[in-house]
2 protein chains.
Amino acid sequence: MATGRTHRPATRSRGIPEATVARLPLYLRALTALSERSVPTVSSEELASAAGVNSAKLRKDFSYLGSYGTRGVGYDVEYLVYQISRELGLTQDWPVVIVGIGNLGAALAGYGGFASRGFRVAALIDADPAMTGKPVAGIPVQHSDDLEKIVSEDGVSIGVIATPAGVAQQVCDRLVAAGVTSILNFAPTVLSVPDGVDVRKVDLSIELQILAFHEQRKAGEEPGAEAAAGGPAGASGAAVPPAARSTEDTSRKGPDGDMPAVMPA
Amino acid sequence: MATGRTHRPATRSRGIPEATVARLPLYLRALTALSERSVPTVSSEELASAAGVNSAKLRKDFSYLGSYGTRGVGYDVEYLVYQISRELGLTQDWPVVIVGIGNLGAALAGYGGFASRGFRVAALIDADPAMTGKPVAGIPVQHSDDLEKIVSEDGVSIGVIATPAGVAQQVCDRLVAAGVTSILNFAPTVLSVPDGVDVRKVDLSIELQILAFHEQRKAGEEPGAEAAAGGPAGASGAAVPPAARSTEDTSRKGPDGDMPAVMPA
DNA sequence: ATGTCTTTGTGAACGCGTGCACAAAGATGG
DNA sequence: CCATCTTTGTGCACGCGTTCACAAAGACAT
């Protein structure tokens, strides 16, 4: 059993760099907005600024897809929308199951960005019998006993895990065994999956911690700017004793390793 | 006004690479779990596998923080927990405001990973008057008119945006003007912020699209594996005509550019 | 048809991140 | 006190991603 690789080891998929793939949805969003405003063509400069990237980067990204632009004019919006959609596989229907219908799972079930991109919520699954049959976002929750049946019958290849971390690996294993080959994981755990299965991780806590790091750095480098910038309350230079901090931390509320990505209230 | 940079342009913060900073929370989580099991020391190999990374990478990461290990033994768990916490700025209290209390905002408000890492939800803010005063996850929602007052009085420097995309930029501007210098954005938009303000973006739709890309690639490269792997329904090789697809797409449901990160039911 | 002007597409250089492989350091046992 | 063994810390090389800068390509006006 391979250790969970969240990042693929630089396996260029048919020559398209991973970094480029990650930006295609950004371009697609910007292009869709232009399409709605009936803008016929767009230059790399305009589109790049709309997508929040460098224009050279954008041109290089598009060059991996082919030569879809016209020199002196720019890119045809409609055509590019189609090309990127096709490249991303959005011209087909992707049934998705969401496992773990807590606060977050419920929010995901109602997410508008799913349907508008070819993703269809095929089923909501939860282990709590009290939830079974209850409609969430218009879809009745099914019990996790039926997970395998649901996945195989609907031909689901993408699974979303929004369970507590403690059961995420088990759920993952069952999904994979049933035929799921792509997983979006919201539980704060490292998932182990066999080769050929893709895992992407979304972790709120990590994002906030990264922000905190930079925030601390900003506050530390600009002395005196704390009041103006609204620095944190106890921003004194004093260090907390290691022992005091760590014991307090463990006894605080719970492992967090066993907490759901978002607590079910 | 600078165009929104989500990524900082390789500005190493005091010699600590950005990629390393992004992994520190992972290590911290694994170490916390070990700490709860009262494991005194851990080798780079063990910790790396728990965090899902390479051991060489882990050692190099730690080397940026200093020499906290003991050769022949490994790392002291408690000490390392403290050092990483301090480096990330988690030894201080970070008040956070969440703007936009829809499905997602409410889920975030109840997120357990906040409190356990030194993040404190200082306030929930929503523009809907009907929400004002209503308690969500035990915290009463306040009206967005008071945004500036809340931010400045509580010394909030981190803001979470969970509003519809259409108003995200306005909310962002107000937060920044009020003193917020770090923003976690869940709205599917590119935010423009002045220099000195950090923005991190979490976008469900993008993650799913990246998965779909690899999924499509897998299905295309292994012909005949579709049935076994549970391939998508209409996985025929036929391409959809550009015009048909694009018009259908725009008329489908709505901009999505104006949709919230997670629809408020 | 020709020249000018705009914008793409890309060759090349550079920098960051990753992984290997090993020397240095310290623990441990005799 | 010495030998051995484990594990860290890091020098080095390699590959990916980003950016610059420019030649090629086409639109457009005359």
Side-chain angles (χ1 to χ4, degrees), chain A residues 2-3 5-24 26-27 31 34 39-77 79-80 83-84 210, chain B residues 2-3 5-24 26-27 31 34 39-77 79-80 83-84 210:
Chain A
T3 309
R5 330 161 287 160
T6 300
H7 263 355
R8 55 188 44 231
T11 313
R12 282 203 187 179
S13 320
R14 206 200 75 195
I16 301 184
E18 192 60 25
T20 295
V21 173
R23 278 188 296 266
L24 290 182
L26 247 60
Y27 303 143
L31 285 165
L34 291 172
V39 177
T41 61
V42 66
S43 72
S44 65
E45 199 68 49
E46 292 167 324
L47 184 55
S49 106
V53 301
N54 188 304
S55 72
K57 196 185 295 186
L58 178 141
R59 286 199 301 276
K60 178 140 289 193
D61 283 342
F62 285 176
S63 78
Y64 292 115
L65 307 183
S67 287
Y68 293 149
T70 307
R71 298 177 192 228
V73 176
Y75 299 91
D76 182 276
V77 172
Y79 186 57
L80 204 46
Q83 288 298 343
I84 294 180
I210 295 171
Chain B
T3 309
R5 329 162 290 157
T6 301
H7 264 356
R8 55 187 46 232
T11 313
R12 284 204 186 178
S13 319
R14 206 200 75 195
I16 301 184
E18 191 61 24
T20 295
V21 173
R23 279 189 294 267
L24 290 182
L26 248 61
Y27 302 143
L31 285 165
L34 291 172
V39 177
T41 60
V42 66
S43 73
S44 64
E45 199 68 49
E46 293 167 323
L47 184 55
S49 105
V53 300
N54 188 303
S55 71
K57 196 185 297 187
L58 178 142
R59 287 198 300 275
K60 180 145 289 191
D61 283 343
F62 285 175
S63 77
Y64 292 115
L65 308 183
S67 288
Y68 293 150
T70 306
R71 297 177 192 228
V73 176
Y75 299 92
D76 182 276
V77 172
Y79 187 58
L80 204 46
Q83 288 298 344
I84 295 179
I210 295 172

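Proteins get letters first, then strands, A, B, ... in listed order; numbering begins at 1 in each.
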Given dT8(C), dG17(C), dG9(C), which nucleotide is nearest the side-chain atoms of S67(A)?
dG9(C)
To the nearest angstrom, how far is L47(B) atom CG from dT7(D) atom C1'?
14 Å
Is the ring centre of Y68(B) less than 6.0 Å from the ring centre of F62(B)?
no
Quick one: is dG9(C) close enough that its OP1 or OP2 comes under 4.0 Å of any side-chain N or O from K60(A)?
no
Counting the atoms with a prime plus P, OP1 and OP2 as sugar-phosphate, which does F62(B) contact under 4.0 Å by heavy atoms, base, sugar-phosphate, or nothing?
nothing
Length of the OH-C1' vector between Y75(B) and dA27(C), whole Å:
16 Å
Under 4.0 angstrom between R59(A) side-chain N/O and dT18(D) OP1 or OP2:
no
For S55(B) and S44(B), which heavy atoms make the closest approach, and how far apart are they?
CB-O, 3.9 Å
Heavy-atom pair with the smallest gap, counting every atom of L31(A) and L47(A):
CD2-CD2, 3.8 Å
Whole angstrom is fine here: how far is it from CG in D76(B) over to P in dA27(C)?
13 Å
D61(A) or A56(B): which one's nearest nucleotide on DNA chain D is closer to the 5' end?
A56(B)
Closest approach of Y75(A) to G69(A) (non-hydrogen atoms, all atoms of both residues):
CD2-CA, 3.4 Å
Is there a side-chain polar atom (N or O) of S44(B) under 4.0 Å from OP1 or OP2 of dT8(D)?
yes
Is the phosphate of dT28(C), meaning OP1 or OP2, less than 4.0 Å from a side-chain N or O of R71(B)?
no
Atom CD of E18(A) and atom C1' of dT18(D) are separated, to the nearest Å, by 16 Å
Among the nucleotides dA27(C), dC20(C), dC20(D), which one has an atom lying closest to any side-chain atom of N54(A)?
dC20(D)
Spacing of R23(B) atom CZ relative to dC16(C) atom P, expressed in whole Å
15 Å
From CD of E45(A) over to P of dG9(C), roughly how many Å is that when rounded to an integer?
14 Å
Taking every non-hydrogen atom, the tightest pair across Y64(A) and G15(A)
CD2-O, 3.7 Å
Taking 4.0 Å as the cut-off, does a side-chain nitrogen or oxygen of Y68(B) come that near to OP1 or OP2 on dT7(D)?
no
To the nearest Å, give me how far apart CD1 (I16(A)) and C1' (dC16(D)) are.
16 Å
Which nucleotide, dG19(C), dT10(C), dT8(D), lies nearest any side-chain atom of K57(B)?
dG19(C)
Please give, in whole Å, the distance from dT10(C) C1' to Y64(A) OH?
10 Å
